[in-house]
Number of protein chains: 2
Amino acid sequence: MTSKDPRAGALARLAALAADETRAACLLALLDGRAWTAGELARHCGVAASTLSEHLGKLVGGGLLTEERQGRHRYVRLADARVAQLVEDLTAQLSPDAAEPPRGLRQSGAGSAMARGRTCYDHLAGRLGIAVTDALTARGLLRQDTGFALTDAGLDWFGALGVNLDGRGRRPLARACLDWTERRPHLAGAAGAALCRHLLERGWCVRIGSGRAVKVTGTGEQALTDLLGIDTAALR
Amino acid sequence: MTSKDPRAGALARLAALAADETRAACLLALLDGRAWTAGELARHCGVAASTLSEHLGKLVGGGLLTEERQGRHRYVRLADARVAQLVEDLTAQLSPDAAEPPRGLRQSGAGSAMARGRTCYDHLAGRLGIAVTDALTARGLLRQDTGFALTDAGLDWFGALGVNLDGRGRRPLARACLDWTERRPHLAGAAGAALCRHLLERGWCVRIGSGRAVKVTGTGEQALTDLLGIDTAALR
DNA sequence: CGCACGGTTCGGCGGTCGCCGAACCGTTCC
DNA sequence: GGAACGGTTCGGCGACCGCCGAACCGTGCG
C-alpha cells in the first residue's frame, strides 16, 4: 500500500466494475449494441430495480456505459466500441479452458437462433459471422495468417459494396473477435461494424424479436451467395 | 440472480482477480515477463508476506499466474501471452481519458530509462518499441491502415533476419499494444515477441539492472540503423 | 546441529459491498 | 386530478474480503 504502480489503483477500479455478477450480466446483455432501460436490465438480472439503479450508477460513473434519459425512462448502452471490445476480450479469455463441451443441440429454441446468427455489439457473430469471415478470407479480402487485416482487394470490395470505411476514429479497421459458440475468430472492428450495418440497412438480415439474434432474409441469401459465395443453407 | 447469462459469473470471477489494488499491482509488475518471488512482490506492493501469499493463491488458482517452486522460493509469472495481452488491454483502456498530462520530464531517473525502452511482457515498448514499429511500417513490412498485420515483405524480412515465426500456437502473429508512455500502438503478438527475443539474444539490447527497462547497445544502434534506418539518437 | 529465512496457515478485525423494502419523485395516461 | 409506472434514495442487514500478526513448516547456510 506504499508505492506500487500508480496505475494499479485505476486498474483495480476498472476491473471492479466487472467484478460483480449482476454488473457482468449487464455488460454481457449490452453487448448486443442496443440501449436497454434500467427496468429491462433489472428483470434480466433478477434483482430489484433499486439494486440495479445503483449498479448503473457505478457503470456510468466508471465510463463503461452512457445514459440517455427520455421521459421516465433511463436508456443505457455501452459507452463505445472500446468498451465492447474489452468485454469481448474478457469473455474470450474464459472460453478456451471452460470445460463446457461444444454444447450439443440443447436449447434448440432461442439458443439455436442465437447460434445461427447474432450481433456482438455492432458486428456479426454466430455461424453467420463465421461464414462471412471465412468467405472474406477465402476470397483474399481478409488475411488472418499475418494478423487480422483487410487486403487491398478487401478495401476495394468494401468500396464497391458502397460501404464507407472513412471517418472511423482511432478504431482499428479490422479486428478479431472470438465467437462464443463457434470458438473461432470473426470480423470485428470498424469494418465488421460497417458490414453489419450494411446488411441490416439493405434488409439482408433482420433482427428476430427484441433480442440480438438475427436471421438472413431471402434477398439476403441471394446477396451473400452472389457477393461471397456463401452457402446459406447452413444458416437457415 | 435468477437466470442471467451463465457467462456472467465466470466473467465476474475473472474480473475480481484484477479488482484489488494489490493484485493489480502484481499483474502490472509481472508485465515485465519475468518471474518474481513472492517476497519481491510483497515488498513491491508494500503488504505483509502473508497477505501476498493469499493473493498469489487466488491469481494462480484463477489461471492468471503460473508458479514454479525452487527450494524455499516460489517463483510466479504471468500464465501466458493471453493474460499479458489482457492486462495490457485493460491498462490501455485507462490511458485515453486519464487526466494525466503527457508527463513532462519529471522522474528523470529510472522513469526516463523506462520511457526510452522497456519490455512489455515479451515485446518492446517505450520509444524503442514505437521506433521499431514506425520503421517497420514505413518500410512496408507492417500495415496498420487495414488492421495490424505483417505484409508478405514483412514475412520475408523476418525470415531473412533468421527469426523463426512458426510454431506459435493460436497466438496472433501481429497485434497492436498501446504504449503506456507514448500513447501509440506498437508491435506485439508472436512477431513482436520474437523480435524482442532476437534483439536480446544478439546483444543489440540489454536489460538495465533488474527492471524491465532496456537500452540499445553500440552494435544494436548499428544494426537498427542498417536494418530499419532507425535514427537511434533519440533512444540514447 | 542450530539459526536465519522464505513462505504458508490461521484467527480475528474492520471496512466494503451487494442486496432488499420502503419512501419518494417525476412522467404518462386515463 | 388521480392512478399507474419507471426510476432513485435511504437505511439497514448480512456476507465477503483484504489486511495483519503469530505460529508454523521447510529449505539453506554457517
Side-chain angles (χ1 to χ4, degrees), chain A residues 1-5 8-9 11-30 35-62 64-77 210, chain B residues 1-5 8-9 11-30 35-62 64-77 210:
Chain A
M1 203 188 289
T2 54
S3 57
K4 287 186 190 174
D5 192 312
L11 172 54
R13 243 172 289 125
L14 172 61
L17 291 176
D20 173 79
E21 184 170 359
T22 300
R23 284 197 296 268
C26 291
L27 293 174
L28 290 172
L30 289 165
W36 292 52
T37 68
E40 284 172 337
L41 283 174
R43 249 168 285 122
H44 173 76
C45 296
V47 302
S50 59
T51 300
L52 203 116
S53 180
E54 292 168 356
H55 285 309
L56 290 187
K58 295 188 182 183
L59 290 172
V60 172
L64 295 190
L65 265 45
T66 57
E67 64 185 1
E68 196 177 336
R69 307 184 105 106
Q70 281 179 19
R72 59 180 169 184
H73 293 281
R74 181 195 206 178
Y75 287 97
V76 76
R77 63 169 71 236
S210 62
Chain B
M1 205 190 286
T2 53
S3 58
K4 286 187 193 173
D5 192 312
L11 172 54
R13 242 171 290 125
L14 172 61
L17 291 176
D20 173 80
E21 184 170 357
T22 300
R23 284 196 296 268
C26 291
L27 293 175
L28 289 172
L30 290 165
W36 292 52
T37 68
E40 283 171 339
L41 281 175
R43 249 169 287 121
H44 174 75
C45 296
V47 300
S50 59
T51 299
L52 202 115
S53 179
E54 292 169 358
H55 285 309
L56 289 187
K58 295 189 183 184
L59 290 172
V60 171
L64 296 190
L65 266 45
T66 57
E67 63 183 5
E68 196 178 335
R69 309 184 101 108
Q70 280 179 20
R72 58 181 168 179
H73 292 281
R74 180 195 206 179
Y75 286 96
V76 75
R77 62 170 69 235
S210 61

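Throughout, a chain's letter reflects where its sequence line sits, starting with A, and its residues are numbered from 1.
Under 4.0 angstrom from either OP1 or OP2 of dC17(C) there lies no side-chain N or O belonging to K58(A). Contact annotation: T37(A) does not reach the phosphate of dG6(D) (side-chain N/O to OP1 or OP2, under 4.0 Å).
Panel note: side chain R13(A), backbone G62(A); no donor-acceptor pair is recorded below 3.5 Å.
When rounded to the nearest whole Å, the span between CD of E21(A) and P of dA15(D) equals 17 Å. Whole-Å rounding puts the L65(B) CG to dG7(C) P distance at 14 Å. Atom C1' of nucleotide dG18(D) and atom CZ of R23(B) are separated by 8 Å, given to the nearest angstrom. Residue R13(A) contributes atom CZ, which lies 15 Å from atom C1' of dT16(C) at whole-angstrom precision. Rounded to whole angstrom, the span from the CG atom of L59(B) across to the C1' atom of dT8(C) amounts to 16 Å. Remark: P of dC20(C) and CG of D20(A) are 11 Å apart, rounded to the nearest angstrom. When the C1' atom of dC5(D) is taken as reference, atom CD of E40(A) falls 14 Å away, rounded to whole Å. Remark: P of dG6(D) and CG of L41(A) are 14 Å apart, rounded to the nearest angstrom.
At least one side-chain heavy atom of R74(B) sits under 4.5 Å from a side-chain heavy atom of L56(B).
In the region residues 49-57 of chain B, proximity to DNA chain D at under 4.0 angstrom, judged on heavy atoms, holds for S50(B), T51(B), E54(B), H55(B). Residues from residues 67-76 of chain B placing a heavy atom under 4.0 Å of any atom in DNA chain C, listed by number, are R69(B), R72(B), H73(B), R74(B).
Counting all heavy atoms, side chain and backbone alike, A49(A) lies closest to A42(A) at CA-CB, 4.1 Å. Residues A24(A) and A18(A) approach most closely at CB-O, 3.9 Å, considering heavy atoms. Shortest non-hydrogen contact noted between L17(B) and L59(B) is O-CD2, 3.9 Å. For A8(A) against E21(B), the heavy-atom pair with the smallest separation is CB-O, 3.7 Å.
Applying the side-chain contact (heavy atoms from CB on, under 4.5 Å) test between V76(B) and each of T66(B), L41(B), L52(B) identifies L41(B) as the sole match.
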Could you walk me through whether H55(A) and T51(A) pass side-chain contact (heavy atoms from CB on, under 4.5 Å), step by step?
CA-CA 7 Å; H55(A) 285 309; T51(A) 300; 3.8 Å; yes

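The line from NE2 of H44(A) to CG of D5(B) is 6.0 Å long, rounded to the nearest 0.5 Å.
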